[in-house]
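First listed ligand is number 1; within each ligand, the first listed atom is number 1.
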Amino acid sequence: MYNVAMKLTYFNCRGLGEMIRLLLTDKQIPFEDERFGYADWPSYKPKMQFGQVPCLYVEDEQIVQTGAIMRHLGRAYGLNGHNEQETTFIDMFFEGIRDLHTKYAHLIYGDFENGKEPFIKDVLPVELEKLEKLFKTYSNGELFIAGPKESYADYALFEELDVLLVLSHSALDHFPALKSFHERFSQRSNLKVYLSKRAALNVPINGNGKTIEKKKL
Ligand SMILES: N[C@@H](CCC(=O)N[C@@H](CS)C(=O)NCC(=O)O)C(=O)O
């Protein structure tokens with residue numbers, strides 16, 4: 001195990017930071033979870049290489065860019081596939097999730113009120129179909145993205161599906177492999193405790209409060 005002091009700096013919402021929190025929490029990797037409000041952002045922004053967060057401090061070294069942070073953790077903690085082929089597949093899957101998230105973010109930070117229904121009806125089924133198909137590549141889609149062992153991308157997938165389910169409770173109804181992955185993943189013991197605390201605290205999903213998880217205790 002890679003034993004270093006880590007601190008994750010991100011807004012006090014789920015956003016892009018949440019997949020990192022999920023990975024560290026699930027694997028019980030100690031880290032300081034530094035969350036700040038929007039009023040404090042101007043004092044953080046100039047310290048970030050691209051003026052954005054999430055930022056993972058590893059000892060005093062800053063890592064920014066969500067994909068770079070996730071891949072770093074993947075390499076450091078063996079969540080990166082068993083061989084080159086698996087690693088490439090995991091990277092590819094992760095980028096596909098990020099593409100869907102970009103579309104979701106346009107909705108959330110754009111014309112949410114008018115865009116929500118068309119997004120759920122027209123965009124989501126097309127995008128989820130692609131992920132459902134790809135998810136079945138390894139182990140018939142019954143385990144993780146790259147088969148029997150979880151990877152860093154599984155945390156991104158779980159978080160993406162979770163926010164989509166808040167947007168639309170029936171979002172996964174036609175995608176049984178993804179739906180069952182989401183259910184199984186939410187039952188992992190460390191995550192289960194974390195998810196229940198998070199729901200109790202009503203942590204906002206996004207920065208503008210467009211979607212908030214309902215309490216499920
Ligand atoms: N490409 C970056 C994007 C990061 C990003 O968009 N961060 C947003 C929060 S989710 C941010 O810092 N916004 C504040 C700003 O840009 O001033 C990544 O993947 O980490």
Worksheet item: Would you say Y10 and ligand 1 have an N/O pair spaced under 3.5 Å apart?
Response: no
Response to the item:
Within 4.0 Å of some non-hydrogen atom of Q65, the atoms of ligand 1 are 1 (N), 2 (C), 18 (C), 19 (O), 20 (O)
Discussion item. Is a donor from one side chain sitting under 3.5 angstrom from an acceptor on the other, for T88 and D91?
Written reply: no
Item to complete: State if M48 counts as touching ligand 1 under the rule of any non-hydrogen atom under 4.0 Å.
Response: no
Practice prompt. Return yes when F50 approaches ligand 1 closer than 4.0 angstrom through a heavy atom, no otherwise.
Written response: no
Discussion item. Evaluate P54 for polar contact with ligand 1, using N/O atom pairs at a separation under 3.5 Å.
Written reply: no
Worksheet item: Can T102 and R98 be counted as having a side-chain donor-acceptor contact under 3.5 angstrom?
Response: no
Worksheet, complete the sentence: Nearest non-hydrogen protein atom to atom 7 (N) of ligand 1, with distance, is V53 O, 2.8 Å
Worksheet item: Considering only protein heavy atoms, which is closest to atom 20 (O) of ligand 1, and at what distance to one decimal place?
Response: T66 OG1, 2.7 Å
Response to the item:
A student checking ligand 1 against K45 at a 4.0 Å heavy-atom cut-off should list atoms 15 (C), 16 (O), 17 (O)
Worksheet item: What class does the angle between the rings of F158 and F181 fall in, given that below 30° is parallel, 30 to 60° is tilted and above 60° is perpendicular?
Response: perpendicular
Discussion item. Could you check whether E142 and N140, counting side-chain N and O atoms only, form a donor-acceptor pair closer than 3.5 Å?
Written reply: yes
Item to complete: Just jot down the ring pair (Phe, Tyr, Trp, His ring centres under 6.0 Å) partners of Y104, sequence neighbours excluded, or say none.
Response: H101
Item to complete: Just say parallel, tilted or perpendicular for the rings of F93 and F135, cut-offs at 30° and 60°.
Response: perpendicular
Worksheet item: Got more than 12 heavy atoms from elsewhere within 6.0 Å of CD, E32?
Response: yes
Discussion item. What protein heavy atom lies closest to atom 3 (C) of ligand 1? Include the residue and the distance to one decimal.
Written reply: Q52 OE1, 3.4 Å
Worksheet item: For ligand 1, which atoms, with element, lie under 4.0 Å from some heavy atom of R98?
Response: 19 (O)
